[in-house]
Amino acid sequence: MNHHNQQSSDGRHDDDAALTEFLASLMDYTPTIPDELVEHYLAKSGFQCPDVRLIRLVAVATQKFIAEVASDSLQQCKARQAAVVKDKRDKQQKDKRLILTMEDLSKALREYGVNVKHQEYFADNPSTGVDPAARDE
């Protein structure tokens, strides 16, 4: 009766067969992220693998991660723009374009434990590029 508590060899066989079938299907699948790009970044991290199935598995996982971050960024963008429209009730929302900002992306990435620090640009700080001695004046 308690099917989930029993570890049968048939269940493992089914899992192994499904995994084998999935890995075989990766040979015929062309992921959005090219194998060469995945191999490049894996090599930069010190990992080398001659098995193209593993390379494609990493590509599929990366593609899924990017899709989730993009979807979450879109939700952040919609929420932000809905708040702006609510503040300006006199103006009808004629322009329905969504404008994704770095802030939207940063909030979405933060949910995945990735903190994006905004770089300081020349125009962001009036003292950038000024001689340190002249700043005190």
Side-chain angles (χ1 to χ4, degrees):
M1 291 189 170
N2 219 347
H3 218 27
H4 296 293
N5 291 340
Q6 295 176 347
Q7 285 289 341
S8 68
S9 59
D10 291 336
R12 285 188 187 164
H13 178 67
D14 290 346
D15 289 347
D16 288 347
L19 180 59
T20 302
E21 185 179 327
F22 175 70
L23 288 174
S25 73
L26 289 174
M27 292 301 290
D28 299 327
Y29 178 71
T30 305
T32 303
I33 301 168
D35 294 344
E36 296 81 14
L37 184 63
V38 175
E39 288 172 350
H40 170 76
Y41 281 103
L42 287 176
K44 276 185 79 168
S45 68
F47 183 82
Q48 292 181 347
C49 180
D51 192 346
V52 73
R53 296 173 304 172
L54 187 57
I55 300 297
R56 291 192 180 158
L57 184 61
V58 171
V60 169
T62 304
Q63 186 175 328
K64 181 181 184 299
F65 175 74
I66 291 170
E68 288 176 354
V69 169
S71 176
D72 291 352
S73 298
L74 176 63
Q75 297 310 313
Q76 292 287 343
C77 178
K78 286 180 178 179
R80 179 181 47 78
Q81 288 191 280
V84 169
V85 169
K86 198 180 279 185
D87 290 344
K88 299 178 180 179
R89 292 179 188 216
D90 56 332
K91 180 188 174 198
Q92 293 296 321
Q93 189 181 5
K94 293 177 183 175
D95 190 5
K96 296 195 185 258
R97 289 180 302 161
L98 295 174
I99 300 168
L100 181 68
T101 65
M102 191 63 193
E103 181 183 341
D104 300 327
L105 180 60
S106 295
K107 284 181 181 179
L109 283 169
R110 214 171 295 134
E111 293 175 20
Y112 294 92
V114 179
N115 291 317
V116 178
K117 186 171 179 166
H118 180 68
Q119 287 190 339
E120 190 173 287
Y121 293 99
F122 184 75
D124 289 346
N125 185 339
S127 63
T128 302
V130 175
D131 182 17
R135 289 183 189 169
D136 296 332
E137 293 175 1

In the structure I gave you, are the side-chain heavy atoms of Q48 and L42 within less than 4.5 Å of one another anywhere?
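No, side chains not in contact.
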Between Y41 and V58, is there a side-chain heavy-atom distance shorter than 4.5 Å?
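The answer is no, as the side chains (C-beta and beyond) never meet within the 4.5 Å cut-off.
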Smallest separation among heavy atoms of [X] and [Y], with atom names:
| X | Y | value |
| --- | --- | --- |
| Y29 | R56 | O-NH1, 3.3 Å |
| C77 | L98 | SG-CB, 4.0 Å |
| T101 | R80 | CG2-NH2, 3.5 Å |
| M27 | V52 | SD-CG1, 3.2 Å |
| M102 | V116 | CE-CG1, 3.3 Å |

Looking at [atom1] of [X] and [atom2] of [Y], how far apart are the two atoms once the value is rounded to the nearest 0.5 Å?
| X | Y | atom1 | atom2 | answer |
| --- | --- | --- | --- | --- |
| I55 | L37 | CD1 | CG | 11.0 Å |
| D104 | Q81 | CG | CD | 7.5 Å |
| E68 | S73 | CD | OG | 11.5 Å |
| L105 | R110 | CG | CZ | 10.0 Å |
| E21 | D14 | CD | CG | 11.0 Å |

Run V60 and L26 through side chain to side chain contact (heavy atoms under 4.5 Å, CB included) and show every step you take.
CA-CA 9 Å; V60 169; L26 289 174; 4.1 Å; yes
Path from F22 to I33 over hydrophobic side-chain contacts below 4.5 Å:
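They do share one cluster, since a chain of ILVMFWY contacts under 4.5 Å joins F22 to I33.
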Would a single hydrophobic cluster contain both Y112 and L74, if residues Ile, Leu, Val, Met, Phe, Trp and Tyr are joined by side-chain heavy-atom contacts under 4.5 Å?
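No: no chain of side-chain contacts under 4.5 Å links L74 to Y112.
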Which is it for E111 and K107 under the salt bridge (charged side-chain N to carboxylate O under 4.0 Å, His left out) test, yes or no, and what are the steps along the way?
CA-CA 7 Å; E111 293 175 20; K107 284 181 181 179; over 6 Å; no
Taking D72 for the side chain and V69 for the main chain, is one N or O donor matched with an acceptor at less than 3.5 Å?
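Here the side-chain-to-backbone pair does not exist.
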